[in-house]
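Worksheet for the structure shown next.
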Amino acid sequence: QVQLVESGGGLVQSGGSLGLSCAASGSIISINAMGWYRQAPGKQRELVASITSGGSTNYAGSVKGRFTISRDNAKNTVYLQMNSLKPEDTAVYYCNADGVTTTINYGVNYWGKGTLVTVSS
């Protein structure tokens, strides 16, 4: 079974920075794409940023230029550096691993439990 464990959430003032990390563990052979989603109270979960195993990235328009996603394929870990944070960035941030191949499964999608990011004004 694959597990995703996020870390790095917390409280930060508007304009500040915060870094998130997510490590995938289990009998993993490869992961196609890893990414971060967020869900604010009363809103739907939305994509924040994603990165493929080859390093291609995709960002939501609202975070482009402020957030940076990166990945360590050898460690099955994805990072999200968040700068110039705004109160509207407040949400639970979820790690996602898509197209995961393990010793017994192929192409499965996994989610972390989420980490809360709160940006105060």
Side-chain angles (χ1 to χ4, degrees):
Q1 182 71 354
V2 173
Q3 288 188 327
L4 303 182
V5 178
E6 303 111 332
S7 61
L11 174 65
V12 64
Q13 288 189 335
S14 181
S17 298
L18 205 60
L20 305 180
S21 64
C22 170
S25 63
S27 302
I28 297 170
I29 296 174
S30 65
I31 302 175
N32 181 24
M34 299 187 79
W36 292 94
Y37 289 71
R38 67 186 181 187
Q39 187 167 17
K43 295 189 177 181
Q44 290 188 333
R45 190 174 298 188
E46 63 175 0
L47 173 69
V48 176
S50 64
I51 184 168
T52 68
S53 57
S56 296
T57 59
N58 182 41
Y59 293 93
S62 60
V63 307
K64 200 170 292 185
R66 299 189 296 123
F67 291 10
T68 302
I69 191 170
S70 60
R71 177 175 171 173
D72 185 332
N73 290 330
K75 296 181 179 180
N76 291 322
T77 299
V78 63
Y79 307 94
L80 185 68
Q81 179 62 39
M82 304 182 291
N83 299 327
S84 302
L85 282 160
K86 305 174 181 180
E88 50 264 44
D89 294 317
T90 295
V92 177
Y93 284 70
Y94 295 91
C95 177
N96 178 264
D98 189 46
V100 180
T101 297
T102 68
T103 55
I104 59 172
N105 278 319
Y106 171 78
V108 182
N109 187 280
Y110 293 94
W111 290 92
K113 293 183 178 181
T115 184
L116 178 63
V117 172
T118 303
V119 184
S120 63
S121 57

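All heavy atoms count here, side chains included; hydrogens, waters and symmetry mates do not.
Under the 4.5 Å side-chain heavy-atom criterion for Ile, Leu, Val, Met, Phe, Trp and Tyr, Leu47 and Val92 are members of the same hydrophobic cluster. At a threshold of 4.5 Å between side-chain heavy atoms, the hydrophobic network of Ile, Leu, Val, Met, Phe, Trp and Tyr places Leu20 and Leu85 in one connected group.
Hydrophobic clustering, defined by side-chain heavy atoms of Ile, Leu, Val, Met, Phe, Trp and Tyr closer than 4.5 Å, leaves Tyr106 isolated from every other such residue. Under a 4.5 Å side-chain heavy-atom criterion applied to ILVMFWY residues, the cluster that includes Val5 comprises that residue alone.
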Could you tabulate the donor-acceptor pairs under 3.5 Å formed by side-chain atoms of residues 112-121, not counting sequence neighbours?
from: Thr115; atom 1: OG1; to: Gly9; atom 2: N; distance (Å): 3.4

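Each of Arg66, Gln81, Met82 was scored for a side-chain contact (heavy atoms from CB on, under 4.5 Å) with Ser17, with one residue passing: Gln81. Each of Ile28, Asp98, Ile31, Leu4 was scored for a side-chain contact (heavy atoms from CB on, under 4.5 Å) with Tyr110, with one residue passing: Leu4.
Counting heavy atoms from C-beta on, the side chains of Val63 and Arg38 come closer than 4.5 Å. Between Asn96 and Met34, every side-chain heavy-atom pair lies at or beyond the 4.5 Å cut-off.
A donor-acceptor distance shorter than 3.5 angstrom exists from the side chain of Glu6 to the backbone of Cys95, with no hydrogens or angles considered. Side-chain N or O atoms of Asn105 include none that pairs as donor or acceptor with a backbone N or O of Thr102 at under 3.5 Å. Under the 3.5 Å distance criterion, the side-chain polar atoms of Tyr59 are left unmatched by any main-chain donor or acceptor of Ser50.
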**Q.** Check against side-chain contact (heavy atoms from CB on, under 4.5 Å), Leu80 and Thr68
**A.** CA-CA 6 Å; Leu80 185 68; Thr68 302; over 6 Å; no
Q: Assess whether side-chain contact (heavy atoms from CB on, under 4.5 Å) is satisfied between Asn83 and Phe67, documenting all intermediate values.
A: CA-CA 6 Å; Asn83 299 327; Phe67 291 10; 5.9 Å; no
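Atom CD of Gln3 is surrounded by 12 or fewer heavy atoms from other residues, nucleotides or ligands within 6.0 Å.
Counting only residues at least two apart or in different chains, side-chain hydrogen bond (donor to acceptor under 3.5 Å, both in side chains) contacts with residues 21-36 comprise Ser7-Ser21. Here side-chain hydrogen bond (donor to acceptor under 3.5 Å, both in side chains) pairs that include residues 69-80, with residues two or more places apart or in two chains, are Arg71-Asn73.
Scanning for ring-ring contact (aromatic ring centres under 6.0 Å, His included) contacts around Tyr37 gives Trp111, with sequence neighbours left out.
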